[in-house]
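For this chain, numbers begin at 1 and follow the sequence in order. Here the structure is a predicted model, which is why all the values come from computation and not from measurement.
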Amino acid sequence: MPITAHLEELRWRLLKSLIAVAIAFAPCYVFSDQLFKFLTRPLLGLGIKEIDLIGTGLPEAFFTRLKVSFIAGIFLASPVIFYQAWRFVEPGLLETEKHYARPFVAAATFFFLCGAAFCYLVVFPVGYAFFVREYQSIGVTPAIRISEYLSFTARMLLAFGATFELPVAAFFLSRAGLIDHTFLLRYLRHAILVVFIVAAILTPPDVASQVLMAIPLLLLYLLSIGVAYAARREPAEKTEGSALPAPRGRA
């Protein structure tokens, strides 16, 4: 396929993903009040009475509902999004690999939701407690704008969800012959350094938060090594379909 055909295919896959998010948006909007309470629980659940969530614009409450519903819609439509991603790369796979669609969608959705759950249950309580303590240390009562809070929360949830896709990426990159377990082992020390740098960027500047994110990322990297080993291509499999038929001998 020429590059224009690939771009056209990508456009249709993105459009279908957006349609899936739009469809998921409708039921999420119905439950936007409950979703709002769910997303603000890590902050308000700290038990600190001085915290206030504020709105600074007249339509901000309405846009808050839209933002909450959109965030939830992405997670609800994630199986469709991953399926569209699979359909985009499927033409480049071997015939023996095209039956991985359902396992890929299931695994990608599972790890994506696990990453978001880890962020919500572990990282948010520690990180938000740190931020609030910084306010208290300078004697300022935090009045947090709700749109900024939701934007930060959504970025963190999506970032952790994407990061937890590492084993899934390792499987398919290994099947494609781009990496293998020896490659991942060779760069283990580099991966440890990168993991702590990413943890320092994505988490509050305290050791506890960085370790809480770095440890699962390292475990995911080690899991990816095992996944790459299990998914490695055998030498005969790498050349499957590439051998030409032997020329006929002359009579």
Side-chain angles (χ1 to χ4, degrees), residues 1-3 5-7 9-10 13-14 17 78-79 81-119 122-123 155-203 207 209-244:
M1 293 173 62
I3 185 64
H6 284 293
L7 293 176
E9 179 70 12
L10 178 61
R13 296 303 169 192
L14 291 175
S17 297
S78 57
I81 296 173
F82 288 123
Y83 178 72
Q84 294 303 321
W86 171 267
R87 291 299 304 273
F88 178 70
V89 302
E90 186 181 28
L93 300 177
L94 297 175
E95 289 298 327
T96 56
E97 297 169 341
K98 292 184 178 181
H99 66 278
Y100 288 130
R102 289 183 180 178
F104 168 78
V105 172
T109 303
F110 173 77
F111 281 102
F112 183 69
L113 296 179
C114 284
F118 177 83
C119 179
V122 179
V123 177
R155 287 197 302 269
M156 291 292 289
L157 290 172
L158 294 174
F160 271 84
T163 303
F164 271 58
E165 296 293 335
L166 187 58
V168 180
F171 176 86
F172 285 96
L173 290 176
S174 181
R175 292 298 301 172
L178 300 177
I179 65 171
D180 57 14
H181 62 286
T182 58
F183 174 87
L184 296 176
L185 284 171
R186 189 182 311 124
Y187 288 96
L188 178 59
R189 290 180 296 177
H190 302 79
I192 293 174
L193 177 61
V194 171
V195 161
F196 277 95
I197 291 175
V198 171
I201 294 173
L202 295 180
T203 57
V207 177
S209 299
Q210 294 173 11
V211 171
L212 281 174
M213 182 175 185
I215 289 177
L217 290 182
L218 289 175
L219 293 176
L220 284 170
Y221 189 85
L222 295 176
L223 176 61
S224 300
I225 295 175
V227 169
Y229 176 79
R232 70 192 187 282
R233 280 188 179 182
E234 299 298 335
E237 190 178 355
K238 291 182 180 180
T239 58
E240 182 182 351
S242 62
L244 296 176

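When all heavy atoms of Thr163 and Ala159 are compared, the pair lying nearest together is OG1-O, 2.7 Å. Nearest heavy atoms, Phe111 versus Pro167: CE2-CG, 4.0 Å. Here the closest heavy-atom approach between residue Thr109 and residue Ser78 is recorded as CG2-OG, 3.8 Å. When all heavy atoms of Phe196 and Ala214 are compared, the pair lying nearest together is CE2-CB, 3.6 Å. Shortest non-hydrogen contact noted between Gly161 and Glu165 is O-CG, 3.5 Å. Minimum interatomic distance between Ala228 and Leu184 (heavy atoms only, all atoms of both residues): CB-CD1, 3.8 Å.
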Exercise for review: Before giving the answer on side chain to side chain contact (heavy atoms under 4.5 Å, CB included), spell out for Leu217 and Leu220 the whole-Å C-alpha distance, their side-chain angles and the decisive distance to 0.1 Å.
Suggested key: CA-CA 5 Å; Leu217 290 182; Leu220 284 170; 4.3 Å; yes
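With hydrogens and angles ignored, the 3.5 Å screen pairs no side-chain donor or acceptor of Glu9 with any backbone N or O of Phe88.
Leu222 has its side chain within reach of Ile225: a pair of non-hydrogen atoms, C-beta onward, lies under 4.5 Å apart. You'll find the side chain of Val194 stays beyond 4.5 Å of the side chain of Tyr187, heavy atoms only.
Annotation: Tyr83, atom OH; neighbour count of heavy atoms from other residues, nucleotides and ligands within 6.0 Å does not exceed 12.
In this pair, Phe160 and Phe118 present their aromatic rings tilted. The plane angle is within the 30 to 60° band.
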